[in-house]
J.: 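I'd like to ask you about the structure that follows.
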Amino acid sequence: MRIDKFLNSVNITKRRSVAQDMISNKVVLINDVVVKASKNVEVGSVITINYLESSKKYAVLQIPTTKSTPKSLQHEYIKEL
């Protein structure tokens, strides 16, 4: 699954366009490498998002098979580090 779709489907961002904007501004990294929106996410990858004041890291536990997942099931797909 593409990184922009992944961020949207596991509820890290509200819209895919927001995820694409974050990626184009080079604040999203996978395994400490700046990525493009077309980069595929794999199980075991670590996604880092650098916000203005802080950064958050997420471990990918599994890839969703649907377009969106309920917030209550977010813990099945990602784990905040």
Side-chain angles (χ1 to χ4, degrees):
M1 177 178 273
R2 292 169 50 114
I3 182 67
D4 55 346
K5 283 186 179 181
F6 181 82
L7 292 175
N8 184 39
S9 65
V10 297
N11 300 309
I12 293 176
T13 60
K14 289 188 182 239
R15 288 181 300 281
R16 186 171 167 199
S17 61
V18 173
Q20 289 171 331
D21 189 44
M22 291 171 70
I23 292 165
S24 67
N25 287 315
K26 299 181 178 169
V27 297
V28 178
L29 297 87
I30 295 179
N31 298 329
D32 297 323
V33 177
V34 176
V35 295
K36 294 183 179 179
S38 60
K39 174 74 174 165
N40 283 331
V41 177
E42 299 172 358
V43 174
S45 298
V46 176
I47 298 171
T48 306
I49 301 176
N50 295 317
Y51 296 104
L52 292 174
E53 289 104 26
S54 64
S55 64
K56 289 192 176 186
K57 290 188 176 212
Y58 301 96
V60 178
L61 303 177
Q62 69 182 36
I63 306 296
T65 55
T66 58
K67 186 176 179 181
S68 63
T69 58
K71 271 213 180 253
S72 60
L73 297 178
Q74 186 179 26
H75 66 279
E76 293 181 8
Y77 298 100
I78 58 171
K79 179 174 110 180
E80 191 169 345
L81 304 174

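Nothing here was measured: the structure is a model prediction, and the numbers come from that model.
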J.: How long is the gap from CD on Q20 to NZ on K5, to the nearest 0.5 Å?
T.: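 Nearest 0.5 Å value for the CD-NZ distance: 10.0 Å.
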J.: Name every donor-acceptor pair, under 3.5 Å, that has one atom in a side chain of residues 56-74 and the other anywhere in the protein, sequence neighbours excluded.
T.:
residue : atom : partner : partner atom : Å
T66     : OG1  : S68     : O            : 3.0
T69     : OG1  : S9      : O            : 2.7
Q74     : NE2  : V10     : O            : 2.9

J.: Side-chain heavy atoms under 4.5 angstrom apart, residues restricted to Ile, Leu, Val, Met, Phe, Trp, Tyr: same cluster for V46 and M1?
T.: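 In one cluster: no.
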J.: With the 4.5 Å side-chain cut-off for hydrophobic clustering, are I3 and L81 part of the same group?
T.: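 No, I3 does not connect to L81 through the hydrophobic network.
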J.: Determine whether I78 and I47 make a side-chain contact, defined as any pair of heavy atoms from C-beta on separated by less than 4.5 Å.
T.: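 No - every pair of side-chain heavy atoms lies 4.5 Å or more apart.
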J.: Of the non-hydrogen atoms in V28 and M22, which two are nearest, and what is the gap between them?
T.: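 Between these two residues, the closest heavy atoms are CG2-CB, 4.0 Å.
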J.: For residues 11-31, which residue pairs pass the salt bridge (charged side-chain N to carboxylate O under 4.0 Å, His left out) check, not counting sequence neighbours?
T.: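 Only D4-R16 qualify under salt bridge (charged side-chain N to carboxylate O under 4.0 Å, His left out).
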J.: Grouping I, L, V, M, F, W and Y whenever their side-chain heavy atoms are under 4.5 Å apart, do I30 and V34 come out in a common cluster?
T.: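 As far as the 4.5 Å side-chain criterion goes, V34 and I30 are not connected within one cluster.
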J.: Looking at every non-hydrogen atom in both residues, tell me the closest pair between I23 and A37 and how far apart they are.
T.: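 Closest heavy-atom pair between I23 and A37: CG2-N, 3.4 Å.
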J.: Quick check: is L29 connected to Y51 through a chain of hydrophobic side chains (ILVMFWY, heavy atoms under 4.5 Å apart)?
T.: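 No, Y51 and L29 fall in different hydrophobic clusters.
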J.: A side-chain contact here means heavy atoms from C-beta on lying under 4.5 Å apart; do Y77 and N11 qualify?
T.: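 Sidechains of N11 and Y77: no contact.
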J.: Can you tell me how far the CD1 atom of I12 sits from the CZ atom of F6, to the nearest 0.5 Å?
T.: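 Output value for this atom pair is 6.0 Å.
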J.: What's the separation between atom OG in S54 and atom CD1 in I49, rounded to the nearest 0.5 Å?
T.: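 Reported to 0.5 Å precision, the distance equals 10.5 Å.
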J.: In the single-linkage hydrophobic clustering (I, L, V, M, F, W, Y; side-chain heavy atoms under 4.5 Å), do V33 and V43 co-cluster?
T.: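 No, separate clusters.
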J.: Tell me every residue that passes side-chain contact (heavy atoms from CB on, under 4.5 Å) with S38, counting only those two or more places apart in sequence or in another chain.
T.: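 side-chain contact (heavy atoms from CB on, under 4.5 Å) list for S38, sorted by chain: R2, K36.
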J.: Give a yes or no on whether E42 atom CD has more than 12 heavy-atom contacts from other residues, nucleotides or ligands under 6.0 Å away.
T.: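 At most 12 heavy atoms, drawn from other residues, nucleotides or ligands, come within 6.0 Å of this atom.
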